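Notes follow once the structure below has been shown.
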Amino acid sequence: AHQPEEARAGAPFPLEDGRAMVAFLRDFADGRHHAKEERVLFPALEAAGVARTGGPLGCMLAEHDHARAATRAMDAALTAAESDPDAWRTFAIAAHTYVHLLSAHIYKENNVLFRMAEEALGPEADARLLTGYAGAERAAGLADGPTYAARLARLEARYPASATLRRREPEGARPAS
C-alpha cells in the first residue's frame, strides 16, 4: 500500500494545518467559487436555455456535491485524529479524492462550461455576471479575496508543491469513475 512518507515515519498529524486547508476549501472553493456559479452563472445559463439536469450544469453541480463530501470527510478525519492516530489515512484519501476531482473539474470548467457560457450568454452578460458575483460574495459574509490569497500563501510556504505533489496515491484514494 502506498502511504505518505510522513505517515510511514510516524510523524504527528498536522491538525492545525489540516484545519486551515479544510477551512480554505470550505470557505473559498465552496463558499465563494461554487456559490457564485450556483447562485449566478448557472441560473443565467438556465435562463438562456441550458438544462440544469444532465449535461455540463448537472455535471458541475454533482462535482460540487462530491467536493463538499470530500471536504466533510477531511474535516471528520481531523476530528478523529485527536484520538485516532490512523485517521491520517482517511484524511489522505479524502484529500486525494478532492485534488483528483478538482483537477478534472477545473479542466471541464475551462474547456466546456465557460466556453458554453460565452456562447450562450455573450459578452453583454459580463457586467451583469460580475455584479451578481460581487453580490453573492457579500451575501456569503466571507473574507475578501486577498485574505484567501494570504491564507493559501501560508499553506504553500509550509507545503511547497515540489514536496507535496506526487503521482502516488493512498490505497483506495482514486474515486470511482
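Hydrogens, waters and symmetry mates play no part in the numbers below; they use all other heavy atoms, side chains included. Quantities reported herein were computed from a predicted structural model and do not represent experimental measurements.
In this structure, NE2 on His66 lies 11.5 Å from NE2 on His100, to the nearest 0.5 angstrom. Interatomic distance, Thr131 OG1 to Asp126 CG, rounded to the nearest 0.5 Å: 10.5 Å. In this structure, Trp88 CH2 and Ile93 CD1 are separated by 7.5 Å, a value rounded to the nearest 0.5 Å. Atom CZ of Arg26 is separated from atom OG1 of Thr71 by 8.5 Å, given to the nearest 0.5 angstrom. Separating the NE2 atom in His96 from the CG atom in Leu101 is a distance of 11.5 Å, to the nearest 0.5 Å. Atom CZ of Arg32 is separated from atom CD of Glu137 by 3.5 Å, given to the nearest 0.5 angstrom.
For the residue pair Ala48 and Leu121, the shortest heavy atom distance occurs at CB-CD2, 3.9 Å. Looking at every heavy atom in both residues, Leu15 comes nearest to Ala81 through CD2-CB, 3.5 Å. Of all heavy-atom pairs spanning Val40 and Ala136, the tightest one is CG2-CB, 4.2 Å. Glu37 and Pro43 make their closest contact through O-CD, 3.9 Å (heavy atoms, listed as atom of the first residue, atom of the second, distance). Contact record, Leu45 with Ala117: CD2-CA, 3.6 Å, taken as the closest heavy-atom pair. Nearest heavy-atom pair, Ala94 versus Met74, reported as atom, atom and distance to 0.1 Å: CB-CG, 3.5 Å.
For Phe28, the ring-ring contact (aromatic ring centres under 6.0 Å, His included) partners are Phe24, Tyr148, not counting sequence neighbours. Evaluation of the salt bridge (charged side-chain N to carboxylate O under 4.0 Å, His left out) rule for Asp84 yields no partner, not counting sequence neighbours.
Contacts classified as salt bridge (Lys or Arg N to Asp or Glu O under 4.0 Å) and involving residues 40-64 (residues at least two apart or in different chains) are given here: Glu46-Arg52, Glu63-Lys108.
For Arg154 and Glu16, the salt-bridge test fails: no basic side-chain N is under 4.0 Å from an acidic carboxylate O. With respect to Arg72 and Asp75, no salt bridge is recorded, no charged nitrogen being found less than 4.0 Å from a carboxylate O.
Neither Leu61 nor Ile106 shares a network with the other; the hydrophobic side chains, linked directly or stepwise wherever heavy atoms of I, L, V, M, F, W or Y lie under 4.5 Å apart, form separate groups for each. No single ILVMFWY cluster, assembled from side-chain heavy atoms under 4.5 Å apart, contains both Val112 and Leu57. With hydrophobic clusters built from ILVMFWY side chains whose heavy atoms lie under 4.5 angstrom apart, Met116 does not share a cluster with Tyr107.
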Using the side-chain contact (heavy atoms from CB on, under 4.5 Å) rule, take Phe42 and His64 through it: C-alpha gap first, then chi angles, then the decisive distance, then the call. CA-CA 13 Å; Phe42 295 174; His64 290 179; 4.0 Å; yes
Apply side-chain contact (heavy atoms from CB on, under 4.5 Å) to Asp30 and Leu25, showing your working. CA-CA 6 Å; Asp30 191 43; Leu25 297 176; over 6 Å; no
Decide yes or no on ring-ring contact (aromatic ring centres under 6.0 Å, His included) for His33 and His105, but give the supporting numbers first. CA-CA 12 Å; His33 179 80; His105 185 79; 7.0 Å; no
Before you tell me yes or no, could you show the steps for Leu41 and Lys36 under side-chain contact (heavy atoms from CB on, under 4.5 Å), namely the whole-Å CA-CA distance, both residues' side-chain angles and the distance that decides it to 0.1 Å? CA-CA 7 Å; Leu41 180 60; Lys36 288 189 289 188; over 6 Å; no
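Under the 4.5 Å side-chain criterion, counting only non-hydrogen atoms from C-beta, Val22 is in contact with Phe91.
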